[in-house]
Every structure is written in structure tokens, then in C-alpha cells.
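Step one of this worksheet: look at the structure below.
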There are 2 protein chains.
Amino acid sequence: MPNDVTCHHFHDDKNCLCQVPIFNHLDTSELQKIINLVDSKSYKKNDFLYQPGDYTTALYVIRCGQVKIYRLSESSKEQVIRILKPGDFIGESSIFTNSVHESYAEILEDTDICIIEKDKLDDLMKKYPSIALKFLEEFSKRIEKTERQTTLIGSNSIDLRLAAYLINLYDRKHPKTPIKLTMTKKDLASYLGTTPETISRKLGKFEDSGYIRQISNKEILILDSEALELME
Amino acid sequence: MPNDVTCHHFHDDKNCLCQVPIFNHLDTSELQKIINLVDSKSYKKNDFLYQPGDYTTALYVIRCGQVKIYRLSESSKEQVIRILKPGDFIGESSIFTNSVHESYAEILEDTDICIIEKDKLDDLMKKYPSIALKFLEEFSKRIEKTERQTTLIGSNSIDLRLAAYLINLYDRKHPKTPIKLTMTKKDLASYLGTTPETISRKLGKFEDSGYIRQISNKEILILDSEALELME
DNA sequence: CGACGCTTTGACTATACTCAACCCGTGTGG
DNA sequence: CCACACGGGTTGAGTATAGTCAAAGCGTCG
């Protein structure tokens with residue numbers, strides 16, 4: 001049962017769960033039943049939700065905060081896989097394959113997480129088979145996304161990877177609004193398969209070329225989205 | 001209903017379907033019911049099962065042959081995602097998310113494929129909910145595998161990527177048996193995020209160092225697996 | 001036999017990594 | 001409240017790695 005609601009973004013579990021794609025097709029009363037199955041826990045910055053070798057038996061839904069999923073390569077370099085935001089979930093690799101984790105889930109800032117134990121999730125899926133279908137849909141999307149990431153890293157120059165990343169954050173409805181970098185540049189570098197130094201230099205180059213303006217460490221204004229899109 | 005069984009590896013659909021992880025927990029009579037739902041089709045080399053933009057409504061199970069799944073990057077380079085072998089399946093991205101394909105599925109050699117239409121698969125999953133669970137397990141594994149691939153490409157030198165690939169094919173139970181390269185070197189280069197020239201040179205280097213011996217174009221004998229594993 | 005695609009080799013080049021120094025902002029403790 | 005330490009970020013110089021382009025070898029298929 002949820003107890004410590006120190007979270008600023010969501011004031012109850014329902015607000016957290018109803019925006020999870022897996023559950024957002026359910027009606028209020030169904031959602032209420034799920035909420036009763038859910039536990040909640042707070043994590044502090046630098047904690048780990050799990051590490052390689054850990055065996056977890058729950059699905060974790062981010063209520064507020066940020067969690068970094070990364071792997072260590074054969075050469076012990078960190079490869080950021082994704083950053084979890086409120087509404088995102090993780091833990092499925094361990095619960096659906098009954099195997100240990102291969103990646104790290106590190107808490108980036110104080111974070112509240114909803115916990116659904118595997119057996120309760122099994123009951124839920126039995127009761128509402130649509131949930132399993134939603135999982136399948138969600139997993140398919142995640143496979144596509146990871147494949148896109150592989151392609152981005154495997155077949156493109158750093159210029160292009162970075163440009164593609166920026167364009168992806170760009171909202172053409174609001175061209176004057178600077179985009180916000182949620183990762184540190186260090187993590188962004190790892191995500192794009194490069195180094196912080198290179199990121200720094202490329203952003204400088206983009207600025208010199210008039211494609212962007214670096215407002216602050218975490219904010220970038222896109223001046224010429226065309227140029228970024230046509231980058232090769 | 002299956003008709004043209006020109007395939008050398010499997011002489012009936014059952015042999016094909018029962019080795020698919022999704023179905024291999026079912027008993028003979030259940031399997032028989034599925035076989036009745038299955039259609040079969042032959043494809044010729046250089047055909048495409050689908051291309052980006054196509055919308056397909058079936059799950060495809062490889063009965064015999066090889067299919068290459070690849071994407072084009074922003075800079076129009078081919079990134080090989082995986083090579084499908086007998087028993088592998090594909091098409092889930094389109095049927096579970098109702099969206100068009102982003103990748104190419106190209107037939108590499110004459111290939112027979114079992115086709116299960118989405119609505120029939122839905123019926124199956126309703127009847128045997130264990131199938132949906134098997135899908136979830138399979139998808140979780142595929143996510144892990146793709147994340148491993150991203151990490152391999154994003155954070156390692158080509159030496160290490162290639163060594164890791166070779167080690168992966170190596171069977172330490174039979175150290176004297178040469179490993180077989182199923183992809184062309186061109187495709188292998190794309191899979192590892194590099195160029196055919198570099199693959200050629202690296203293999204030459206490994207041979208000079210005494211780590212491997214290139215028996216033929218498609219066969220490599222591992223002489224020093226330790227060295228390959230410790231590569232950085 | 002000829003054509004085509006894959007593979008290899010060579011020479012050159014560019015890209016991005018490494019290492020080191022320094023800057024900056026934040027948070028901690030005296 | 002200031003000093004300091006720490007981690008992230010930037011800049012510079014030098015270098016290594018792997019990409020490009022071109023040419024030629026090889027194998028297979030029609």
C-alpha cells in the first residue's frame with residue numbers, strides 16, 4: 001500500500017499508473033483494483049534499482065524522478081540504453097524470462113517507484129488479458145526503438161547522431177522554444193556511443209555554423225532544423 | 001494449407017513449428033490444430049518479405065532458408081539487425097503495433113515460410129494464453145539481445161566487436177571444429193557497424209597474431225580463444 | 001565465357017579518441 | 001559564510017583507428 005507520497009509530480013498512484021501505456025486503456029474501477037496491488041518505495045540519488053546479476057521479481061513504474069539504464073561493454077565502457085521518466089516501467093526482462101539482469105538501473109535523482117510483484121501481475125493478466133496484449137505492443141515498440149538506436153550508432157557519423165538526437169527533441173510547433181537536455185553531456189555521449197569531449201566540440205561546431213544556440217548547459221535553441229536534418 | 005514442400009530441412013510444418021519457442025511447450029494435438037491454421041509460401045532469393053512502409057498482418061516463421069533483417073540509417077547505410085534461420089519468426093512489429101515496417105526483410109536464399117495471419121494468432125492466444133506469455137518471454141530476450149548489440153557497437157573497438165562475434169560462434173566443446181560464417185563479410189561488416197575492408201584486415205591481423213586460421217571464405221578455425229576473449 | 005558481386009590489398013585521409021589541463025557550479029564542512 | 005573538493009564540462013595538442021577510394025582477384029551463375 002502506498003504510504004510515503006513525497007513526490008511532487010504525482011499525488012497518488014492512480015495518476016502514475018493511468019499514464020502507463022500498459023494500463024491506460026482500463027477504466028477507473030479496474031485501475032483502482034490495480035492500485036490496491038501496488039506498493040511504493042522511495043529511492044535516493046546514486047541508489048541502484050538493480051545491477052547485473054540481480055534477480056528481481058517485480059515490475060517497476062516510475063512515479064517521479066529519473067532512472068538511468070546502462071550496460072558495461074566488454075571494454076568496461078558505459079553504454080546508456082535509456083533514461084526512464086515518470087510513467088515509464090522497467091524490470092520486465094527479469095520477470096518474463098526468469099533470468100538475472102544484465103544492465104544497471106541507477107537512480108539519477110530522488111525517485112518514487114511503484115512496485116507490482118510478478119505474481120500479482122500474473123493475476124492481473126489472467127483477469128485482464130488485454131494487459132498482456134498491451135505488453136506485447138509496448139515490447140514491439142521498444143524493440144523497434146532499440147533497433148533504431150543500433151542503426152543510429154552503427155552507421156552514422158557523430159555529427160549525424162547528435163543532429164538526429166537534437167531533431168528528435170525539437171518540437172516544430174514551437175520553434176522558438178529551446179529544447180531541454182535531460183541527460184548530462186557525459187550520459188548523452190555514452191548514449192550516442194561517443195565521448196563528452198566530442199559532444200562538446202560538435203555542439204560548438206553546430207553553434208559556429210549557426211545551426212543552434214547553446215542557451216545554457218541544459219538548453220539548446222534550434223536555429224536551423226533543416227540543416228540538422230540534412231546532415232550526413 | 002501447406003502445399004509446396006520443396007524444403008530440404010523440414011518435411012512438414014510440424015517440424016518447423018514445434019521448434020519455435022512460442023509453440024514448443026504445446027503438446028502434439030494442440031500443435032496439430034495450429035498447423036491447420038498455417039499457410040506456407042516459397043520465396044526466391046532477392047525477394048523481400050516486406051520493406052519499410054509495408055503493412056503486414058501475419059507472423060512469419062522461417063521453415064528453411066535465410067532472411068536478412070536490416071535498416072537504412074539516416075546516411076543511407078545498411079545496418080544489419082539480424083539474420084533469420086529456420087525456426088525464427090518475424091513480423092511481430094507490424095501485427096502488435098498496427099504500424100508499418102521500418103526495416104527490410106530480404107530473402108538471402110530460396111526460403112519457405114509459414115504464415116500465421118494475425119486474426120488466427122489472436123484466436124490462438126485467446127485459446128492458449130500461454131502463447132502470449134511465451135511471446136512476452138521471447139520479446140524480452142530480443143530486447144536484451146538488441147541492447148547487447150547496441151552496447152557492442154557503441155562502446156567497443158572493431159577488434160573487440162569482431163572477436164566477440166567469433167567467440168560467440170565458438171563451441172568450446174569442439175575446439176577443433178571451424179566456426180561457420182553464415183553472413184557474407186559485407187553483411188557481417190554492416191552487422192558490426194564497420195566496412196568489409198576493415199573486416200578483411202582485422203581477420204588478417206588475427207591470423208598473423210595466431211589467434212585464428214581462415215580455412216575458407218566462410219570457415220574460421222579458432223586457435224586461441226583466450227586471446228580473443230581478452231581483447232580490448 | 002563474361003558479368004556481376006563479394007573480397008582483398010594498398011595508399012591516403014579524416015574522424016574522433018586520448019590525455020592533460022583548466023574552468024565552472026554545487027554542495028559540504030569547518 | 002567562506003573554502004574547498006568534487007564532478008561535470010570545455011579546450012588543446014597529438015595520435016590512432018578505421019573509413020574512403022581505387023584496383024585487382026576470385027567465384028558463381030547464367
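Chain naming here is simple, since letters A, B, ... match the order of the sequence lines and numbering starts at 1 in each. The analysis underlying the following values was restricted to heavy atoms, covering all of them including side chains, and did not include hydrogens, waters or symmetry mates.
In this structure, the side chain to side chain donor-acceptor pair (under 3.5 Å) partners of K180(B), at least two apart in sequence or on a different chain, are E219(B). Under the side-chain contact (heavy atoms from CB on, under 4.5 Å) criterion, T57(A) pairs with Y55(A), E117(A), sequence neighbours left out. K186(A) is linked by a side-chain contact (heavy atoms from CB on, under 4.5 Å) to T184(A), P196(A), counting only residues two or more places apart in sequence or in another chain. Considering only residues two or more places apart in sequence or on other chains, Q214(B) meets the side-chain contact (heavy atoms from CB on, under 4.5 Å) condition with K185(B), L203(B), E207(B), I212(B). Contacts of T182(A) classified as side-chain contact (heavy atoms from CB on, under 4.5 Å), with partners at least two apart in sequence or in another chain: Q66(A), K85(A).
Listed by residue number, the members of residues 67-80 of chain A with any heavy atom below 4.0 angstrom from DNA chain D form an empty set. Residues from residues 200-230 of chain B lying near DNA chain D, meaning a heavy-atom separation below 4.0 Å, are R201(B), K202(B) in numerical order. At a non-hydrogen distance threshold of 4.0 Å, nothing from residues 160-170 of chain A comes into contact with DNA chain C.
Mapping heavy-atom proximity under 4.0 Å, the span of DNA chain D touched by chain A runs 5' to 3' from dG8(D) to dA13(D).
When atom types are taken as modelled, the side chain of E109(A) and the backbone of K44(A) share no donor-acceptor pair closer than 3.5 angstrom. Not a single donor-acceptor pair under 3.5 Å links the side chain of S94(A) to the backbone N or O of V100(A). Judged by distance alone, the side chain of T177(A) and the main-chain N or O of D171(A) form no donor-acceptor pair under 3.5 Å.
Taking the six-membered ring for Trp and thresholds of 30 and 60 degrees, F206(A) and Y211(A) have ring planes inclined between 30 and 60 degrees apart.
The nearest whole Å value for the distance from the NZ atom in K185(B) to the C1' atom in dT9(C) is 13 Å. At whole-Å resolution of the value, CG in L188(B) and C1' in dT7(C) are 13 Å apart.
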Sugar-phosphate atoms are those with a prime plus P, OP1 and OP2; base atoms are the rest. Using that split, label each nucleotide of nucleotides 20-29 of chain C B, S or - for protein heavy atoms under 4.0 Å, 5' to 3'. B---------
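Between dC17(C) and T198(A), a contact under 4.0 Å exists linking OP1 or OP2 to a side-chain N or O.
Residue whose closest nucleotide on DNA chain D sits further toward the 5' end, between K45(B) and D159(B): D159(B).
Counting only N and O atoms by type, the side chains of T146(A) and E147(B) include no donor and acceptor under 3.5 Å apart. Using a 3.5 Å distance cut-off with no hydrogens or angles, the side chains of T97(A) and S140(B) do not pair a donor with an acceptor. S40(A) and R63(A) are linked by a side-chain donor-acceptor pair at a separation below 3.5 angstrom, with hydrogens and angles left out of the test. Side chains of Q79(A) and S155(B): a donor-acceptor N/O pair is present below 3.5 angstrom, by distance only.
Heavy-atom neighbours of K218(A) NZ from other residues, nucleotides or ligands within 6.0 Å: above the threshold of 12.
Applying the ring-ring contact (aromatic ring centres under 6.0 Å, His included) rule to pairs touching residues 58-90 of chain A yields Y70(A)-Y104(A), F89(A)-F135(A), sequence neighbours excluded.
Checked for salt-bridge contact, D112(B) and K41(B) miss the test: no charged N lies under 4.0 Å from a carboxylate O. At a threshold of 4.0 Å, the pair K45(A)-D110(A) does not count as salt-bridged, since none of the basic side-chain nitrogens sits closer than that to a carboxylate oxygen.
Under the 6.0 Å cut-off for aromatic ring centres, F48(B) and Y43(B) do not qualify, their centroids lying 6.0 Å or more apart.
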For DNA chain C, the dot-bracket notation using Watson-Crick and G-U wobble pairs below 3.5 Å, [ ] for pseudoknot-type crossings and | for other-strand pairs, is ||||||||||||||||||||||||||||||
